Structure formats: C-alpha cells, structure tokens
Q: 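Got a structure for you, questions after.
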Amino acid sequence: MRHTLAVLVENKYGVLARVAGLFSRRGFNIDSLAVGTTEDPTLSRMTIIVNGDDHVLEQVMKQLNKLIDVIRVIDLGSEEFVERELALIKVNADANNRAEIIQIVDIFRARIIDVASKSLTIEVTGDVEKIKAIQTLLKPFGIKELARTGIVALNRGSKSP
Amino acid sequence: MTGKAERMTGARAFVECLYRENVEIIFGYPGGVLLPIYDELYDAHLHHLLVRHEQAAVHAAEGYARATGKVGVCLATSGPGATNLVTGIANAYMDSIPMVAFTGQVPSSMLGNDAFQEADITGITMPITKHNYLVQDVKDLPRIIKEAFHIASTGRPGPVLVDIPKDITTDELDFVYPDTVELRGYKPTFKGNAQQVKRAASVLKGAKRPVIYAGGGVIGSEASKELLAFAEKLKAPVTTTLTGIGGFPNDNELYLGMPGMHGTKYANYAIQESDVLIAVGVRFDDRVTGKTTSFAPNAKVIHIDIDPAEISKIIKVDVPIVGDAKQILGSLVDQVSECDTKEWLDKIATWKRDFPLFYVNRDDVIKPQYILEQISEVCPDAIIVTEVGQHQMWAAQYFNYKEPRTFISSGGLGTMGYGFPAAIGAKLGRPDKIVVDVSGDGSFQMNSQEMATIVQNNIPIIIAIFNNGYLGMVRQWQALFFEHRYSHTTIENSVDFVKLAEAYGAMGIRVTKPSEVKAAIEKAVEANGPVLIDFVIEREENVSPMVPAGAAINEILDLEDTQ
C-alpha cells in the first residue's frame, strides 16, 4: 500500500542518511522524497512516499521514531491531506508546434519559464496524477529532460500534528 | 552549567568529560590521530587498559558493562582502529549493552579526501549504533560526550560512537560540562502505562497455565528481584533467554531453564501449552521462537519492554506495556494475586522428571557438560563468560547461575572471539569475582593475542578451552543436516595451547582425563593469575536437546548419544 509519511527531523548533517538507511535496509524503495527546512529553521521536514507491506512499514515508522534526530513521524495516509509536486520539463519545440504546446501548458495551468529556439521549459505543479498527465501529453513532442521535486504534503484543516 | 569555564584543549576536555561521567576504566589502543588524547591519558586519573587488538577493546568494554551495569568505554584510532571496533559495536547493539566508543579521525580539513588511516566510521556504524556523532567543533565536545553517555545508558541501552577529528583534540575551548541534556527527539518511556498494567493484571487473573519468558531486559533494568517477587506471587514458572540467564535464580523450583533451540524440553513445552505468556525484556528472537506461527499458540501475550519497536515485531502481542521492566514488574506485583497453577506446576514437574537435561558421563573421555558441573562446584559464584558455539550452549545449560551479571555471552550477534576480551572487562569491573572464560578451541584463536594483555597486567582469568579439534557447532549441523561432510570444520592440532600460554608467561594446564578435571580447576583458582586450561573433550559431543531451525519449539530432539 502507498503511504505518505511526514518526518520532522533535526536540521543536522547525517539525518537523511539515517532515515534513508532504515528503508534501504529492509529493501524498501523510496518512491519520492522531499526535504526542506520548516517554519522553525532548526527543523527539517521530510515527506516520504513509500509502497510496501503495512506491517513492515509500521516497523519502519517505529524505528524512525527511535532515531535520536527524529522528532516526529506522521503517517498522513491516516488523515485527510493535500500533496503537491513541482516538475520542470524541457520539451522539444519549434515554430511549428510551439503554439500547440503553449495550449497544453495553459490547460494545465503550468508556466513556461524558458524559451529557446528548439525547446521550451515548463514548470508544472500538482499532484502525481496531474504531472503524469502533462508528461503523457508532452511526450510526443520529445521530452529532453525532466526534474521533479518529490511530493510535499500537509494534512488538511487548521491542525498541525 | 557547573563551575567556571577553564581554557583547555579538546584532548584535555575529553579526559575531563570522562571524569565527569565517573569513568573508571577505558579499553583502548593508540594511534596517530589519538596522540594528543593519549598524551593527556599519560597522567590522567583513570585506568586505561592497553589491549592487543581494537576488537578486544570493544568486547572488553562490553564485558565490563555487562558485569557492572555501568557504561563501557573504548577508544581506538582512525581508519583500521575504528573499523576493528565494528564487530563489537554490532554485538553491543544486538544485546542492548550501554557503551560509548570513541574513535580518532583524520583532521577535519582532510575529511573525505582518502587521507591516511581515514574511514567513514560514522557512516559505517550508522545501522549498528543507537546514535553516533562526528565532532565538528571543539565547543560541542562536552555536550556530545554528555549526550553520548546519556543515550547509551537510558531507554533501551546501546552503543554510541563519537568520532573525534585530530584538530578537535588540539583546538581550545572554555570547558564547561553541561548538567543536563536536551534532546527533543529522545524521550524514552520509563513508567509503564497504568491502564495497560491494569489490563495485564486482569488477563493474569484467570490464568491457569502462565509462563514468564524473561530476557536481557531484566538484567539491563536490574529487575531480577521484582521478577522473583512477581513469579512467586503469581506461582508462575520462569524461563530465561540466553541473555536473561542469571535474571532468575536457577535453583528456584519455578525455574524452567532456557527456552528455544537448545533450551530445555520443559521450558519449550511450557511455552507451547501456556495460556498467558508474560514476556519481559525480550525480543522474540528466532532462536527462541522457532517457527513463529506455531509459537505459544494458545497464549495471550503480555509484553513488557522498554522499546516500543519490539511490540508485535515478531509475535502479535495482546497487552503491550512499554517501559522499564523493574518499574512495571514492581507495580504489577501489587495488582496480581496467586494464580491457581497447582495442576500446571505438577505437569511441569512431570516434564522436568521425564525430560531432564542430560548427558551420559564417561570415565575414559571428558564430557564438556561434566567440566561445567565441576566449575559450578569449585567456584559457584564465578562469572562465566563465553565465546560462541557448543561450549556456549553447554555453559548456558550446565552451570548453576544464581544472580544477574554472572553469565556474559554474545547473544544476538553470536560473535566468536568475544568471550576472552569480555572476560577481561568483566574481571576489571568485578575484581572480587572469579572470572572464567568458557571457550572453544575455535573461538579462542580469534582473540588469543589478548594473552599478552592479561599477562602484562596480571589479570587473573581462567580460560577453559573445550578442545574438540572442531568448529563444533558447525560440525554438529554438518553431522545432522549435511551427511557428516565436515567441510572446513576440522582444526585439530592447530596449536599446543599449553605452550601458547607459557609463551606468553601464563600458566597452562592440559587435562585429558575426567578424573583430573576438578583438580585442574582448583589449581587454576588457587593460582589467582592468568591460567589457561586445555580440556581435551569428547570430539563429537552434540549440544542436546535441539530444535531444528524453522521447526516449532516443541519438536525438540535428543541428540545425546546419537553419534
């Protein structure tokens, strides 16, 4: 089952390796990982998307909680939450098809952030499905490069767990 | 903060921190990047034991910790010194033993440049330490050392590594040792939840066939008195795991011996037929549970453990109580009353009579079990430290342990070569005790260089080698499961152990006849110095009984005299 974990950690060197190690040791592949500082600069928030057996994941969460540098672990799957990811897509574009691509960009409320004679770079934000959809539509033009930030997520409402 | 700040180097501060933590002894081995620290140790008021291999330093620190309950401390240089600690750190991690391992590191400016004797020891030990540190600023050193000792010794104990680059030891700071630690991500639960304790008591109310399954957590939390009171009040039998041995007096009639692969039949039968299993400070190791799906099939399981991650990790638990075993048993004992276990205890008595631990003694060849019975007779209060293999299981089965911290063995990791250095640590921690390293001829050769350490420092340890010329436990499995094809397990005549002992300046005794066993042990005790006894034992004696790997624990076979 797919899980979205929010892990609040000390903003210190080595924390990422400690956290990642708990997954890799159990043969878990991390599908998506995003890390950044929070409203408190001494804290970082990791958003981790993993697929795996629930029992094993429960064990991973308990082990995460045991790490000295981990402050809190939240399984966002257990509540309502919003998630977003940002992708930059560099796609082949010339005078013949530029208009068509701009149309797709508009429909997805994406933005063009760089234009060159033979390419366009598009910035798109959304959930996994949206990014997948625009990727599918742009593929026929030829995607030269693609970079994704990984998903970040927060639970809905005013609660901050 | 205490005292006024004094200006000093990191090396000096390192020693000051050890004073503040009341460290009596450190086990170590010097090296290039440690020179400033070793210069401070030259006239420091603490005992440094120089070993002959860093692996011995870390095992000795663990033996010291296990014998005393204090934090063991070891020190090794960068690169190979640090990597030589790895096995011992993993061992302490598996058995939850409090330890702080210090390593020297190349200067900060050279980190990551493949400098001479550089190894990324914090990276290497990440999965085998409770926590580790690379000191980046000398000002952080006192706080880090304070935290290291705190983390190692609280909650579920374990090893913490502190890696100190050379420049940190020569940089200066205004030394202040913090009074408290502030770790917002580390708040171990000590007190058991009162509701859960109440629930456990109510489950125990109707118990007819309770069994207490106690492990290393009982030793770690000093809970053996509470365990005894709890078992006696409940009238419930007690089995102790390998690391829990000594946590319950072996001569108590409620004692079942060890469970699992080489446990007693009656401990295994009792677990399997129990209606309530009270697990205390255990982690349901596979050597105990055998096939997990058929482990204690009819029991409601109460699990008392300091580590929430152990709850329902292997076996589904009905009543978890997270916290300190001593505190929880202490409050549980007030809430339970005697169970109606007469029928149950009668049944167990019948099992004990019908399926005892046994071996067939002989007068022409020495049986290993006989040696342990003789050691038990000559020095009943000794601390027994073991290596890993057949002798370890015999030592768990045939010595009469009466108090905690008298049996020291590598449990989870199963580290050959552990026992001898661990015995050194145990003896230095408990100089009042006779310390016997029960060893195999295979295991002993993994750290035999420490003979030099015990002779140089005149540390009285009795090394009892159970010499069968085989890597006996592996041979046993080859005999049972690989048609006696003894692939690379024959090590006969590899060394004359008596001459080896004498070469180091220790006393060496060879014993080949059963009639000489007792006298040799007495002679060794009397010598009160480094003594090695080479017991030439029955070569193909098996550890019995045995649950084959992966079987249910009541499918336990007698192997004695099957050869």
Side-chain angles (χ1 to χ4, degrees), chain A residues 1 3 5-30 33 35 37-48 50 52-75 78 160-161, chain B residues 90 93 96 108 111-112 120-137 140 143-144 147-152 154-163 181-189 283-284 292 305-317 320 322:
Chain A
M1 202 189 138
H3 289 264
L5 304 181
V7 187
L8 283 171
V9 299
E10 296 280 356
N11 184 11
K12 283 183 187 166
Y13 73 93
V15 180
L16 179 60
R18 289 177 206 278
V19 169
L22 288 180
F23 290 91
S24 61
R25 235 170 284 155
R26 289 172 177 79
F28 265 49
N29 184 28
I30 294 177
L33 169 72
V35 194
T37 52
T38 64
E39 72 283 2
D40 175 349
T42 66
L43 281 185
S44 290
R45 184 180 176 107
M46 297 184 179
T47 308
I48 303 172
V50 281
D53 175 83
D54 284 1
H55 179 73
V56 182
L57 191 81
E58 188 192 325
Q59 187 49 219
V60 172
M61 285 179 64
K62 286 176 171 176
Q63 297 293 340
L64 280 171
N65 268 311
K66 282 174 68 174
L67 293 178
I68 310 290
D69 289 338
V70 169
I71 317 281
R72 202 176 312 138
V73 184
I74 307 135
D75 184 357
S78 60
S160 54
Chain B
Y93 188 67
S96 307
S108 307
L111 274 172
D120 173 14
I121 197 64
T122 47
I124 290 168
T125 57
M126 214 169 257
I128 53 166
T129 48
K130 192 170 167 187
H131 195 51
N132 63 22
Y133 294 89
L134 170 65
V135 184
Q136 290 176 308
D137 186 326
D140 296 335
R143 174 185 57 80
I144 286 173
E147 287 177 5
F149 277 86
H150 176 73
I151 292 167
T154 54
R156 179 178 181 168
V160 178
L161 180 132
V162 181
D163 196 24
V181 293
E182 278 167 51
L183 293 162
R184 54 186 164 175
Y186 179 69
K187 303 251 177 336
T189 308
R283 55 181 179 82
F284 297 87
T292 49
D305 204 277
I306 190 81
D307 183 358
E310 287 303 334
I311 305 297
S312 295
K313 184 180 85 174
I314 307 287
I315 297 282
K316 178 98 186 60
V317 171
V322 173

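Below, read A as the first sequence line, B as the second, and so on, with proteins coming before strands; counting in each chain starts at 1. Values in this document were obtained by computation on a predicted structure and should not be read as measured data. Values below: all heavy atoms of this structure, side chains included; hydrogens, waters and symmetry mates excluded.
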Q: Keeping A/Asn11 on the side-chain end and A/Pro41 on the backbone end, is there a donor-acceptor pair under 3.5 Å?
A: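 Yes.
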Q: Checking B/Glu147 against B/Tyr133: is there a side-chain donor and acceptor pair closer than 3.5 Å?
A: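 Result is yes, a qualifying pair exists.
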Q: Measure from the side-chain N and O atoms of B/Lys313 to the backbone N and O of B/Arg283, and report whether any donor-acceptor pair falls under 3.5 Å.
A: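 Absent.
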Q: Examine the side chains of A/Thr38 and A/Asp40 and answer whether a donor and an acceptor come within less than 3.5 Å of each other.
A: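 Not at all, the side chains of A/Thr38 and A/Asp40 share no donor-acceptor pair under 3.5 Å.
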Q: Top residue by heavy-atom pair count (under 4.5 Å) with chain A, among B/Gln136, B/Lys187, B/Arg184?
A: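 Result: the option with the highest number of such pairs is B/Arg184.
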Q: May I ask you to list the residues in residues 19-27 of chain A that approach chain B closer than 4.5 angstrom, counting heavy atoms only, ordered by number?
A: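 Checking residues 19-27 of chain A against chain B gives A/Arg25.
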Q: So what's closer than 4.5 Å to chain A heavy atoms on B/Leu134: side chain, backbone, both or neither?
A: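 Backbone plus side chain of B/Leu134, per the 4.5 Å heavy-atom cut-off to chain A.
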Q: Quick check against the 3.5 Å criterion: does B/Thr129 have a side-chain atom that pairs as donor or acceptor with the backbone of B/Pro159?
A: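 A pair under 3.5 Å: no.
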Q: Report which part of B/Pro127 has an atom under 4.5 Å of a heavy atom belonging to chain A: side chain, backbone, both, or neither.
A: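 Both parts, heavy atoms under 4.5 Å.
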Q: Take B/Val181 and B/Phe149 through the side-chain contact (heavy atoms from CB on, under 4.5 Å) test and state the conclusion after the steps.
A: CA-CA 10 Å; B/Val181 293; B/Phe149 277 86; over 6 Å; no
Q: For chain B, find which of A/Lys12, A/Gln63, A/Gln59 contributes the most heavy-atom pairs closer than 4.5 angstrom.
A: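 Max contact count across the listed options: A/Gln59.
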Q: Do B/Asn132 and B/Thr125 have a side chain donor and acceptor closer than 3.5 Å?
A: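 Judged by distance alone, the side chains do pair up.
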Q: Whether the side chain of A/Lys66 engages the backbone of B/Asp307 through a donor-acceptor N/O pair (distance < 3.5 Å, no angle test) should be reported.
A: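 Answer holds: no.
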